[in-house]
Amino acid sequence: PTQKGYVEHILRAGQHLMGVVNDVLDLQQVEAGVVSLKPEPIPLKAEVQECIAMLGPMAQPRHVLMSSQIGPEWTVFADKQRFRQVLMNIGSNAIKYNQSGGDVQFAAQQEDDGTVALTISDSGPGMSAQQLNKLFNPFERLGRETSSVEGTGLGLIITRSLIEAMGGRMAIRSQPGTGTRVTLILPMTQPSSDQP
């Protein structure tokens with residue numbers, strides 16, 4: 001049993017290290033502008049539901065309820081693999097930094113400029129203005145470096161860069177005690193008759 005415990009610890013440490021290496025490589029590619037993107041129409045409802053299903057095993061033991069109020073009418077124009085990476089990163093953060101018995105909600109609405117605003121809201125402890133100012137510093141964990149919550153402090157930087165590379169933008173609002181709301185604004189698919 002002791003040896004098994006050691007092996008499991010080594011395995012978890014190795015997986016964490018591999019995650020750090022992958023995040024650093026992703027960040028390097030994004031900053032160098034060499035990320036290969038293949039934008040396509042993506043039905044938002046189906047993609048969010050797939051994300052919720054994949055994050056279920058993480059949410060269940062933490063008793064975090066994930067839900068979506070996104071209808072079938074929304075479609076965004078983005079790289080499918082990278083958009084899924086973005087959703088998984090924000091969704092996993094909303095679970096990890098939530099409270100037991102909390103919730104994560106996905107919703108969408110059309111903006112005045114014809115884009116779609118996808119919001120991911122959680123019921124976690126929220127962040128102060130000082131923490132928000134540090135949020136996009138590389139390797140910044142906002143005081144959770146020694147907590148049991150895994151992370152590298154690079155995920156949000158990569159996420160924001162990927163969203164911007166796909167022609168969108170990201171905004172984060174939070175206050176202590178009110179949770180966090182991440183908004184991803186992405187272009188909608190143009191009707192086929194409008195395309196050249």
Side-chain angles (χ1 to χ4, degrees), residues 12 14-31 35-70 74-98 102-108 116-124 127 135-136 138-142 144 147-172 174 179-186:
R12 284 195 303 271
Q15 289 170 337
H16 176 70
L17 182 59
M18 186 171 64
V20 172
V21 171
N22 286 337
D23 281 350
V24 170
L25 291 174
D26 264 351
L27 183 61
Q28 188 273 331
Q29 286 185 327
V30 169
E31 289 184 343
V35 175
S36 177
L37 298 173
K38 296 178 182 176
E40 61 179 293
I42 300 173
L44 196 53
K45 178 179 180 178
E47 198 61 31
V48 167
Q49 287 177 334
E50 180 70 18
C51 172
I52 289 174
M54 288 191 291
L55 289 171
M58 176 188 280
Q60 188 174 9
R62 292 171 169 86
H63 307 288
V64 173
L65 177 64
M66 305 188 76
S67 62
S68 170
Q69 289 84 42
I70 298 174
W74 303 114
T75 304
V76 295
F77 198 65
D79 179 276
K80 189 166 188 168
Q81 178 185 350
R82 294 302 187 172
F83 183 57
R84 184 168 291 181
Q85 180 181 353
V86 164
L87 288 181
M88 292 295 290
N89 185 281
I90 294 174
S92 65
N93 279 352
I95 295 168
K96 289 189 295 186
Y97 299 108
N98 213 316
D103 61 73
V104 177
Q105 298 180 359
F106 292 77
V116 174
L118 169 64
T119 59
I120 302 99
S121 305
D122 69 56
S123 60
M127 292 177 281
L135 202 55
F136 292 100
F139 301 105
E140 178 62 58
R141 299 278 323 277
L142 303 179
R144 294 183 176 97
S147 74
S148 60
V149 178
E150 291 186 5
T152 62
L154 293 174
L156 280 179
I157 300 171
I158 295 167
T159 296
R160 183 178 64 178
S161 298
L162 288 174
I163 286 292
E164 291 173 352
M166 292 186 284
R169 58 191 188 276
M170 181 171 82
I172 300 178
S174 186
T180 300
R181 179 183 173 119
V182 178
T183 303
L184 306 175
I185 299 174
L186 286 162

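We use all heavy atoms of the structure for the numbers below, so side chains are in, but hydrogens, waters and symmetry mates are not.
Heavy-atom contacts from other residues, nucleotides or ligands closer than 6.0 Å to CD of Glu164 number more than 12.
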Yes or no on side-chain contact (heavy atoms from CB on, under 4.5 Å) for Ile172 and Met127, after CA distance, side-chain angles and deciding distance?
CA-CA 10 Å; Ile172 300 178; Met127 292 177 281; 4.3 Å; yes
For the pair Ile90 and Leu184, evaluate side-chain contact (heavy atoms from CB on, under 4.5 Å) and give the outcome as yes or no after the intermediate values.
CA-CA 10 Å; Ile90 294 174; Leu184 306 175; 3.6 Å; yes
Go through Asn93 and Thr180 one step at a time and tell me if the side-chain contact (heavy atoms from CB on, under 4.5 Å) criterion holds.
CA-CA 10 Å; Asn93 279 352; Thr180 300; over 6 Å; no
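Contact annotation: the side chain of Ile163 approaches that of Val86 to within less than 4.5 Å [non-hydrogen atoms, C-beta and beyond]. Within the 4.5 Å cutoff, the side chain of Lys38 has no heavy atoms near those of the Gln81 side chain. You'll find the side chain of Arg82 reaches within 4.5 Å of the side chain of Gln85, heavy atoms only. Considering only heavy atoms from C-beta on, Phe83 comes within 4.5 Å of Leu186 through its side chain. The side-chain heavy atoms of Pro43 and Trp74, taken from C-beta on, include no pair separated by under 4.5 Å. The closest side-chain heavy-atom distance from Arg62 to Asn98 is not below 4.5 Å. The shortest distance between side-chain heavy atoms of Asn89 and Ile158 does not fall below 4.5 Å. Contact annotation: the side chain of Val104 never approaches that of Leu55 to less than 4.5 Å [non-hydrogen atoms, C-beta and beyond].
Annotation for Ile42 and Lys80: closest pair CD1-CA, 3.5 Å, computed over non-hydrogen atoms. The two residues Ala165 and Leu37 come nearest to each other via the heavy atoms O-CD1, 3.5 Å. Counting all heavy atoms, side chain and backbone alike, Pro39 lies closest to Phe77 at CB-CE2, 3.5 Å. In terms of heavy-atom proximity, Ser123 sits nearest to Gly102 at OG-CA, 3.2 Å.
For the atom pair Arg160 CZ and Leu156 CG, the distance stands at 9.0 Å (nearest 0.5 Å). Taken to the nearest 0.5 Å, the OG1 atom of Thr183 stands 10.0 Å off from the CE atom of Met170. Rounded to the nearest 0.5 Å, atoms CG (Leu65) and CD1 (Ile95) are 10.5 Å apart. Annotation: the span from Ile120 atom CD1 to Met66 atom CE amounts to 9.0 Å, rounded to 0.5 Å.
The backbone N or O of Gly179 lies less than 3.5 Å from a partner atom in the side chain of Ser174, making a donor-acceptor pair.
Asp103 meets the side chain to side chain donor-acceptor pair (under 3.5 Å) test with no other residue; sequence neighbours excluded. For Ser68, the side chain to side chain contact (heavy atoms under 4.5 Å, CB included) test picks out Val48, Ile52, Ile70, Phe106, with sequence neighbours left out. With sequence neighbours excluded, no residue forms a side chain to side chain donor-acceptor pair (under 3.5 Å) with Ser92. The side chain to side chain contact (heavy atoms under 4.5 Å, CB included) search around Glu50 returns Met54, Arg84, not counting sequence neighbours. With sequence neighbours left out, the side chain to side chain contact (heavy atoms under 4.5 Å, CB included) criterion links Ala107 to Gln69, Thr119.
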